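Step one of this worksheet: look at the structure below.
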Amino acid sequence: MSLINKKGLPISNGIAIAHIHHLSNVETIILDKEGKGVEYEETRLKEAIEQAKNELQTLIRQSKDRLGEDQAMIFTAQAMTLDDPTLQKSIWHKIRDKGFNAPFAFRLAMSEMMDLLSVTDNLYIRERINDLKDISSRVIRILTNDTEKKMEFIDDVILVTDELTPSETMNLDTKHIKGIITAIGSNTSHSAILANHLGIPAVSGVDIKTLPDHELAIIDGKTGDIFVDPDIKTLTEYKRKQSELLSLKLQFQNYRFNDAYTKDHHRVKVYANIGEPNDLEHAKNSGAEGIGLLRTENQYMQTNTFPKEDELFKFYHHIALGFKDADVVIRTLDIGGDKNLSYLNNRNELNPFLGNRAIRYSLQYPTLFKTQLKAILRANTNHNVQIMFPMIATIEEFRKAKELVLEAQQELESKGIHTNLPKIGIMVEIPSAALFIEEFAKVVDFVSIGTNDLIQYLFAADRTNDHVAYLYQPYHPIVLKTIKNMIDCCHKHGIIVSVCGEMASRIESALILVGFGIDELSMNANSIAEIKYKLSLVNFSDLQELTNNLLDQTSNDEVYKVIHQFAKKLL
Ligand code: PEP
Ligand code: MG
């Protein structure tokens with residue numbers, strides 16, 4: 001047997017050894033043009049778009065908890081595309097003026113949008129075509145009543161296909177799909193980013209027709225090398241490389257149940273961010289020492305009406321009992337911004353991220369808010385629950401919200417239900433709260449810094465808008481100074497301060513936060529093992545010295561360079 005050696009584009013790191021499995025291309029559905037009346041076509045398209053948005057919300061939640069905030073953004077951007085006014089105008093024109101039916105009009109409008117993007121020289125923009133294909137096939141599938149296809153395998157395979165959309169990548173059977181080879185795709189595509197986070201080695205830019213189905217193959221996602229039917233020498237060499245990589249991963253994994261300490265024995269608690277009942281086991285198996293952020297929006301988004309107190313209680317109590325000996329921080333409803341409830345007749349806002357969201361909404365509807373608060377209070381049977389209010393801007397908001405907690409407790413008491421009052425804290429995500437931390441620290445029980453929103457508001461740059469993504473600057477000295485000041489103030493007043501935004505889960509930013517003296521880091525469960533392990537290799541005293549010097553830099557990139565060098569040398 002001859003050895004075929006190919007070189008593709010390295011897309012996602014790692015080595016895979018398995019048999020090739022060609023994924024037959026999904027045939028493009030032939031669509032009729034003819035519409036059955038404007039009203040009928042418009043209605044079914046509107047319904048299909050709503051369903052597509054709901055499906056995307058599920059993917060957003062799943063990817064946020066499984067892979068992290070940045071990865072979830074891929075699907076947030078897709079959902080926003082469905083509301084794009086230019087796209088809408090183009091679709092309605094095709095239905096109203098040309099008499100086309102909904103699927104035909106939608107697909108045509110999407111392909112015109114793709115044609116526009118395909119002529120640009122900007123690789124980043126061209127790569128969004130794959131996202132448009134993803135959106136298009138989702139809506140067409142819904143309109144043609146097709147079911148979402150799941151790929152399931154019995155044996156391990158290297159999946160070979162023309163191209164994978166982000167949704168397909170997110171739904172891959174990670175147990176058996178050991179590697180991916182595609183004809184199309186680059187390392188900045190959204191599918192590549194997801195493959196990377198899912199830990200699946202991938203290579204693209206390959207003439208896939210020359211890859212024989214069912215043949216044994218090796219792919220090296222770091223170099224782009226592909227070996228089909230490898231000789232024994234190559235196979236042995238790659239098995240050795242593979243087991244080296246695996247043992248590094250295992251080293252992280254083996255460490256995951258240890259309490260997190262730096263090398264010189266400085267303690268930092270490492271918690272998980274979760275949002276669904278099913279996340280409990282994953283968080284525990286990943287080594288979470290507690291729950292630093294329980295996002296409660298999902299339960300409200302999965303139904304057509306506000307969930308009942310008992311339904312909420314069941315979820316909160318399940319998590320509180322699951323982490324019996326540890327903190328479980330439950331964040332009250334954080335809707336608005338990019339997270340809307342279909343049944344909420346909130347008026348359209350020009351600036352939803354600056355509008356009626358999170359605690360503002362809860363304060364406006366105290367009865368609804370108290371339903372949630374009662375469920376949280378009842379879940380605190382084990383004295384380990386804490387209540388956290390999102391998007392607090394002023395001390396008055398905090399006071400009012402806390403009063404409602406006390407009212408809710410009294411109402412329960414009057415029904416004979418005794419509850420234990422949890423610690424009550426805030427998320428600091430708004431600059432007014434960050435800058436007024438000295439006063440907040442006197443009245444709250446704890447502070448958790450939501451860096452995702454804090455950065456968005458510090459730079460006045462919508463975190464869901466690709467065009468201003470360059471302003472998401474977690475290493476900018478002003479972000480670091482703001483955080484350091486909050487940590488110092490909270491400690492001066494004897495309260496615990498944590499970070500539950502993405503900065504906690506990246507090793508470089510986590511090292512900075514630890515150097516600043518953060519007490520707790522809360523992150524997606526997948527990052528816990530690596531962060532705990534790497535923290536055990538560094539001295540707190542070295543981090544303190546290093547981070548002090550970082551504050552003198554003048555840009556995000558300068559800081560990143562220094563901390564990246566440090567992390568690379570040390571780890
Ligand atoms: C944050 O803003 O950093 C945060 C953790 O909250 P969310 O990402 O849910 O807005
Ligand atoms: Mg937030």
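Remember, it's 1-based here, ligands and their atoms both numbered in the order they're listed. The figures that follow rest on heavy atoms only: side chains count, while hydrogens, waters and symmetry mates do not. All values reported here derive from a predicted model rather than from experimental measurement.
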- Item | Under 3.5 Å: donor-acceptor pair, side chain of Asn524, backbone of Ser527 |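 Yes; at least one donor-acceptor contact below 3.5 Å.
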- Query: Looking at Glu429, which of its N, O or S atoms is the nearest one to the Mg ion (ligand 2)?
  - Reply: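 It is OE2, the N, O or S atom of Glu429 closest to the Mg ion (ligand 2).
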- For the Mg ion (ligand 2), what is the closest N, O or S atom on Asp453?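 It is OD2, the N, O or S atom of Asp453 closest to the Mg ion (ligand 2).
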- Is there a heavy atom of Glu502 sitting under 4.0 angstrom from any atom of ligand 1?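 Judged by the 4.0 Å heavy-atom criterion, Glu502 does not count as contacting ligand 1.
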Can you tell me if [X] has over 12 outside heavy atoms packed within less than 6.0 Å of its [atom1]?
X	atom1	answer
Lys308	NZ	no
Arg267	CZ	yes
Asp552	CG	yes

Using a 4.0 Å cutoff against the non-hydrogen atoms of [X], which atoms of ligand 1 qualify?
X	value
Asp453	1 (C), 2 (O), 3 (O), 10 (O)
Thr451	3 (O)
Glu429	1 (C), 2 (O), 6 (O)

- Item | Under-4.0 Å heavy-atom contact with ligand 1, by part of Leu293 that carries it |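 Within the 4.0 Å criterion, Leu293 contacts ligand 1 through side-chain atoms alone.
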- Residue from Thr332, Ile330, Leu312 passing side-chain contact (heavy atoms from CB on, under 4.5 Å) with Leu373: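 By the side-chain contact (heavy atoms from CB on, under 4.5 Å) criterion, Leu373 pairs with just one of Thr332, Ile330, Leu312: Thr332.
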- Task: Determine the interplanar angle of the Phe540 and His266 rings, folded into 0 to 90°, and report it as parallel if under 30°, tilted if 30 to 60°, perpendicular if over 60°.
- Result: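 Parallel.
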- Task: Can you measure from CD1 (Ile449) to CG (Leu454) and round to the nearest 0.5 angstrom?
- Result: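 Reported to 0.5 Å precision, the distance equals 7.5 Å.
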- Message: With ring-ring contact (aromatic ring centres under 6.0 Å, His included) as the criterion, how do Tyr365 and Tyr361 come out once you've worked through the C-alpha distance, each side chain's angles and the decisive distance to 0.1 Å?
- Response: CA-CA 6 Å; Tyr365 297 98; Tyr361 181 83; 4.7 Å; yes
- Item | Best match, Asn452, Val428, Val499: closest heavy atom to atom 3 (O) of ligand 1 |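 Comparing heavy atoms across Asn452, Val428, Val499, the nearest one to atom 3 (O) of ligand 1 lies in Asn452.
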Protein contact to [atom] [nearest heavy atom, distance to 0.1 Å]:
atom	answer
atom 8 (O) of ligand 1	Arg463 NH2, 2.9 Å
atom 6 (O) of ligand 1	Arg331 NH1, 3.1 Å
atom 5 (C) of ligand 1	Cys500 O, 3.4 Å

- Message: Quick check on the Mg ion (ligand 2): does Asp334 put an N/O/S atom closer than 2.8 Å to it?
- Response: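 Not a single backbone or side-chain N, O or S atom of Asp334 is under 2.8 Å from the Mg ion (ligand 2).
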- Message: Under the side-chain hydrogen bond (donor to acceptor under 3.5 Å, both in side chains) test against Glu309, which residue among Gln372, Arg378, Lys374 passes?
- Response: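 When Gln372, Arg378, Lys374 are each tested with Glu309, the side-chain hydrogen bond (donor to acceptor under 3.5 Å, both in side chains) holds only for Arg378.
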- Could you tell me whether some N/O pair between Arg295 and ligand 1 is separated by less than 3.5 angstrom?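 Arg295 vs ligand 1: N/O contact under 3.5 Å present.
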